[in-house]
Amino acid sequence: MKNQKPILNVAVPTPQRQLFDYVIPDEFIKSDSTELFIPGCRVLIPFGNRNLIGLIVKISQSTDFDLKKLKPIKALIDKEPLVSKILFDFFIWSANYYHHPIGEALLKVFPGNLRKGLPLPKTTTRCWKIDKSYSSDNTKSVKQLDLLSLLNSVDHKTDEFLKACFGRSTISALAKKGLITEFQKSYTKEKVSFPKALKQNPKLLNDEQATVLSKLSIEKFSCSLIDGVTGSGKTEIYLQFAELILKNQRQVFILVPEINLVQQMEAQFSNRFDLEVLTFHSNMTDNQRLLNWTKAKNGEAHIIVGTRSSVFVPAFNLGLIIIDEEHDQSYKQQEGFRYSARDLAIQRASNDSIPVLLGSATPSLETIQNCIKNKYQHLYIKKRIGLSQPPKWNIIDLKNQSISNGISEFAETKIKETISNGKQALIFINRRGYAPALFCNSCGWVMDCANCDSKLTLHKAKQKLICHHCEFTANVPLKCLACDKDSLVPVGMGTERIEEYLKNIFPTIPVFRVDKDSSKKKDFMENLHRKVNGAEPCIIIGTQMMTKGHDFKNITLVLALDTDTQLFHPDFKNQERLGQLLTQVAGRGGRGQFLGEIYLQTYNSDHPLLEKLVKDNYGSFLQDISSEREVTLMPPFRHLALIRADSTHSDKVINFLKHVRSITNSIQPQNRSINYIGPLPSMLEKRAGRYRYLFQIRTKNRSQMHSLLTKLTHQMGTIKIPSSVRWFVDVDPVEL
DNA sequence: AGCACGCCGACT
DNA sequence: GTCGGCGTGCTC
Ligand SMILES: [Zn+2]
Ligand SMILES: [Zn+2]
């Protein structure tokens, strides 16, 4: 319908795949201020019978809706768009690429406080200055006099600084006497100049590092993979390349896969640069997060270190994005808006015409494939820095070993040997808790989760049986719930059980357990680093948490207790991930002057993939994985998207997905480059009380995938779906 | 996702 | 009689 008044197309936080149209209230029309409505501004809108915060996405002249039924917006919240047009367009592009409902996606990329309608915070800092002249009669306190004389000489200091030096009470005492007064100092942009901004001199690069750095260009968009073995000094390259960017008055974003790596990376940058280094992750309060978001937007923060969601943080003048540990699956959000922060960072960098660095010792197959296709630049660092040698790989064939508590005889002597040589050992087992199942010896009953297709894990410290896939917990039964006999035994190994066993064998040696449960304690990681780097012999037991980024200098023995579970796990990325995990954990060893060794316990010592890892290297292992994906028509040789659905009734999901398949087929029949598979059960078929199924779409070209999904999701809006069925799209999934 | 409307069972 | 269970449908 035609209309002379502009129509606002607004993104509303609802799972519907559409924008909602609103009219501008009369007072704006009368005062001729309709140009205040710009895409990227928030508006308060009536929606149903409630008021919501929405985002203006577009301004159009007409609407498909009945014009008379359009409601006026209640209020315009922002005077100017929250982010630049180029960034807002990137947000919209992201929602479209992942086919996530536009309103939900667009609002979720903003900090929670902005979603609630709060204004952008002022980024001023609280400062103190001398109020009136003072003499030593005013106070007897030495601290107070020191503070006064400091302010006398420098004019003003921040509240934060004074609190740290003199304490809160000193400040408030002086304020009470009226000797000092506070004021808000607003931020003034200062030119970043080197070497002034260097706190610490750059380290001397070796030849390989220097070659890599020389191949990086600050000029335009490029994506470079730094494929450097563990301990090869990738971080130093990040730091020195970042310096070149900062010198040009531009900002640097560094993304890390996990929250416990943020602090380490932040320390690396703030130790090197006398600049504003801020973090961004989910462990901050909403206020802190919005403040750092705003400082990044204003250019007050020079460097942002953060997790996945940082890819959506605005910048004043972004010059570089670094994705550390690019292979890590944590970059892919696994619920809701299922974006990959790595892939989006590359898109964002391309929009902004800036470089992006991917770093890893174990690059993902899709990244290697992009290097082969010359989309990314492949840069190698094959040697470790300094004198440290690559770890030596070995296999322990469990077929010829007696095993006690998951540790073979041979492995146990290796641990003893390591300890008596005064060195440290790292035991890797990717399962937390005491034992993955509680089993009845007399009737064979196992305690299952009531809501999932999984067994309950016994946690001895908590004295609970816990489901690792949902919230379910249960008390540990004394007798079998099926036959009432007193014959329940824990089966299988978890970190807690290994810890108990090793503490028994080595009563005088410190044994540390590193997993999600133990690391919850505040400062756990810092304490661990301090203790372990004290160089006393010790044993560390860890899950995959241990494999990420930690730098322990004195580990010489790494022992992987269970390689077989993941080796035969059916998910398509699992073998690739096993290679990454083992290579990363092996890389924790031998980082000092002594040689590191890794031993893999397995019943499949002649498995070709293990042989590649042990006798050859990760690169050649990955080639085998690659050939298998090529023949099975899986990524990166096909583009993959899933229509995932779940319901409390399995027949409802299956029928729904059969319907989805027939719709898909009517939009686009299968051919040589477009294939459909399923409906198939998801990896854990029943989870949190819901049956999960998926329908696979594979295409040869990205554009085929995108247009098919666009048509499909559009048609799905017109069909009737049973109320128990929920569905969503997963583009470029990392698990099935 | 919310939220209202509506149509059946079991309470004061 | 009416309180509340959640199935169904709508939101510019
Ligand atoms: Zn039993
Ligand atoms: Zn469960």
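Excluded from the calculations below are hydrogen atoms, water molecules and symmetry mates; all remaining heavy atoms, backbone and side chain alike, are included. Computed from a predicted structure; not experimentally measured.
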Salt bridge check: are A:Glu366 and A:Arg342 linked by an N-O gap of less than 4.0 Å? yes
Salt bridge or not for A:Lys116 and A:Asp286, using N-O below 4.0 Å? yes
Rounded interatomic separation in angstrom, taking [atom1] from [X] and [atom2] from [N]:
X	N	atom1	atom2	result
A:Leu44	C:dT11	CG	P	19 Å
A:Arg50	B:dG2	CZ	P	6 Å
A:His649	C:dG7	NE2	P	9 Å
A:Asp66	C:dT11	CG	C1'	15 Å
A:Lys720	C:dT8	NZ	P	8 Å
A:Leu107	B:dG2	CG	P	13 Å
A:Arg115	B:dG2	CZ	C1'	16 Å
A:Asn51	C:dC12	CG	P	11 Å

Centroid-to-centroid, A:Phe20 to A:Phe65, below 6.0 Å? no
Tell me if the aromatic rings of A:His468 and A:His459 count as close, with their centers under 6.0 Å from one another.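 So the answer is yes for these two rings.
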State whether [X] places a side-chain N or O below 4.0 Å from either non-bridging phosphate oxygen (OP1 or OP2) of [N].
X	N	answer
A:Asn49	B:dG2	no
A:Ser723	C:dT8	yes
A:Lys71	C:dC12	yes

Sugar-phosphate only, base, or nothing, as touched by [X] at under 4.0 Å among non-hydrogen atoms:
X	answer
A:Phe47	base
A:Glu104	nothing
A:Pro13	nothing

Can A:Phe65 be called stacked on C:dC12 when the rule is centres closer than 5.5 Å and an angle between planes below 30°? yes
Ignoring hydrogens and geometry beyond distance, is a side-chain donor-acceptor pair present between A:Asn701 and A:Ser703 at under 3.5 Å? no
